[in-house]
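We name chains A, B, ... by the order of the sequence lines, and we start the count at 1 in each one.
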2 protein chains.
Amino acid sequence: MNTVQGTREYLLKYDIKPSMQRIAIMDYLMEHRVHPTADEIYNALYPTMPTLSKTTIYNTMKLFSEQGAVKALVIDEKNVRFDIDTSSHAHFMCLGCGCVYDLPIENQEAMQLEGVGELMITEIHLYYKGYCKKCAEENRKNILL
Amino acid sequence: MNTVQGTREYLLKYDIKPSMQRIAIMDYLMEHRVHPTADEIYNALYPTMPTLSKTTIYNTMKLFSEQGAVKALVIDEKNVRFDIDTSSHAHFMCLGCGCVYDLPIENQEAMQLEGVGELMITEIHLYYKGYCKKCAEENRKNILL
DNA sequence: CTTTGTGCAAATTCTTTGCACCAAA
DNA sequence: TTTGGTGCAAAGAATTTGCACAAAG
């Protein structure tokens with residue numbers, strides 16, 4: 001089956017009416033699992049959809065989040081990122097190039113909190129910051145110069 | 001010893017020249033461990049320091065972060081928060097009232113990543129979102145109405 | 001003096017809102 | 001024909017920048 005067909009079904013599963021724009025956006029998220037920002041999604045889709053507006057990206061991401069089809073990622077202080085992988089996993093953000101990777105969580109159960117009966121936990125976020133291999137090497141070079 | 005005196009020494013420890021503004025801001029952070037935003041710091045200090053500007057808050061927080069005297073907290077998608085507790089601990093943010101609490105980490109060593117030799121990790125952030133006791137109760141009420 | 005800190009005003013950037021138009025049921 | 005989706009233009013909010021003045025050594 002082609003991607004768009006799978007995307008349509010995925011949207012329906014979350015009670016989201018599959019419009020052209022919504023399919024294109026979700027399709028992009030499914031194929032580019034780099035936790036893009038609204039701006040990155042817009043820039044990627046604009047060439048083939050020149051009538052697309054950023055408002056639609058924001059509207060759509062809000063809808064997707066509310067329906068549980070994507071998760072908003074607050075890591076970067078500049079912009080919110082979006083993740084279609086709604087399963088529990090960690091993230092790594094490179095302070096050099098700004099890219100955000102997925103990381104498997106080793107001890108997932110260790111993250112369960114104890115003694116917080118008072119709190120109603122709905123989301124767990126674990127992320128690491130640092131430098132990816134490439135940026136770490138470039139940093140080293142710059143220091144040597 | 002009074003707080004301001006301790007604050008001055010704390011700043012010097014991080015190679016930060018203790019100006020009036022910097023002392024006032026650091027002093028506030030030390031006494032109000034609620035991870036305030038720049039705006040909250042400004043509003044708290046403005047009454048007693050009417051010449052204070054938000055630019056100074058931002059300049060100062062940037063300096064403090066660079067010198068390692070505070071940690072920037074990216075949890076809230078609206079604004080960055082600041083934490084003087086630079087030790088490794090988790091945070092909880094209430095989606096109702098927006099408050100951010102500290103949480104002790106149960107299995108701190110469990111957060112160490114394995115198999116990421118390629119990555120240079122400099123920061124670990126763990127946070128939970130949900131509803132605090134008060135907001136959870138109010139939510140329940142609203143649903144019943 | 002010379003360096004460093006402060007703060008106003010303006011600029012920038014990300015995101016949201018109001019509103020009109022368009023498309024689908 | 002009514003509802004919901006799209007997108008322009010403007011508003012809003014958080015943060016940064018340029019610059020001039022003040023303070024400290």
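Distance CG (A/Asp39) to P (C/dT16): 14 Å, rounded to an integer number of Å. Atom CG in A/Asn59 sits about 18 Å away from atom P in C/dC14, given to the nearest Å. Regarding B/Glu77, its CD atom lies at a distance of 15 Å from the P atom of C/dC14, rounded to whole Å. Summarising the geometry, the separation between NZ on A/Lys78 and C1' on D/dT16 is reported as 7 Å, rounded to the nearest angstrom. Note: CD1 (A/Ile57) to C1' (C/dT16) measures 15 Å, nearest angstrom. For the pair B/Ile16 CD1 and D/dA24 P, the interatomic distance rounds to 18 Å; values are reported in whole Å. Whole-Å rounding puts the B/Ile41 CD1 to D/dT15 P distance at 10 Å. When the C1' atom of D/dT6 is taken as reference, atom NZ of A/Lys62 falls 15 Å away, rounded to whole Å.
Using modelled atom types and a 3.5 Å distance limit, the side chains of A/Asp102 and A/His35 yield a donor-acceptor pair.
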Could you go over nucleotides 2-5 of chain D and give all protein N or O partners under 3.5 Å, atom names and distances?
residue : atom : partner : partner atom : Å
D/dG5   : OP1  : A/Arg22 : NH1          : 3.0
D/dG5   : OP1  : A/Arg22 : NH2          : 3.2
D/dG5   : O5'  : A/Arg22 : NH2          : 3.4

Sub-3.5 Å pairs of nitrogen or oxygen atoms, protein against nucleotides 19-25 of chain C:
none

Listed pairs, N/O of protein and of nucleotides 1-3 of chain C, under 3.5 Å:
none

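Toward the 5′ end of DNA chain D lies the nearest nucleotide of A/Thr55, the other residue of the pair A/Thr55 and B/Lys54 mapping further downstream. Residue whose closest nucleotide on DNA chain D sits further toward the 5' end, between A/Thr56 and B/Thr37: A/Thr56.
Residues A/Phe64 and A/Met26 have side chains in contact (heavy-atom distance under 4.5 Å, counting atoms from C-beta outward).
At distances below 3.5 Å, at least one donor-acceptor pair connects side-chain atoms of A/His89 with backbone N or O atoms of A/Ser87. At least one donor-acceptor pair closer than 3.5 Å links the side chain of A/Glu40 to the backbone N or O of A/Thr37. Side-chain N or O atoms of B/Lys129 include one that pairs as donor or acceptor with a backbone N or O of B/Ile75 at under 3.5 Å.
Note on ring orientation: taking the six-membered ring where Trp is involved, the planes of B/Tyr101 and B/Phe92 are parallel (angle under 30°, cut-offs 30° and 60°).
Taking OG1 of B/Thr56 as the reference point, atom CE of B/Met20 lies at 12.0 Å (rounded to 0.5 Å). Taking CG of B/Leu52 as the start and CD of B/Gln21 as the end, the distance is 6.5 Å to the nearest 0.5 Å. Atoms SG and CG, from B/Cys99 and B/Asp76 in turn, are 11.0 Å apart once rounded to the nearest 0.5 Å.
For A/Tyr46, the OH atom is loosely surrounded, since the number of other residues' heavy atoms within 6.0 Å does not exceed 12.
The shortest non-hydrogen separation linking B/Ala44 to B/Tyr28 is CB-CE1, 3.4 Å. When all heavy atoms of B/Cys94 and B/Cys132 are compared, the closest pair comes out as SG-N, 3.4 Å.
When the side-chain nitrogen and oxygen atoms of A/Thr51 are compared with OP1 and OP2 of D/dT6, none of them lie within a distance under 4.0 Å. An OP1 or OP2 oxygen of C/dT16 is reached within less than 4.0 angstrom by no side-chain nitrogen or oxygen of A/Tyr58.
Taking only side-chain atoms of A/Ser53, from C-beta outward, the nucleotide of C/dT15, D/dG7, C/dT6 with the closest atom is D/dG7.
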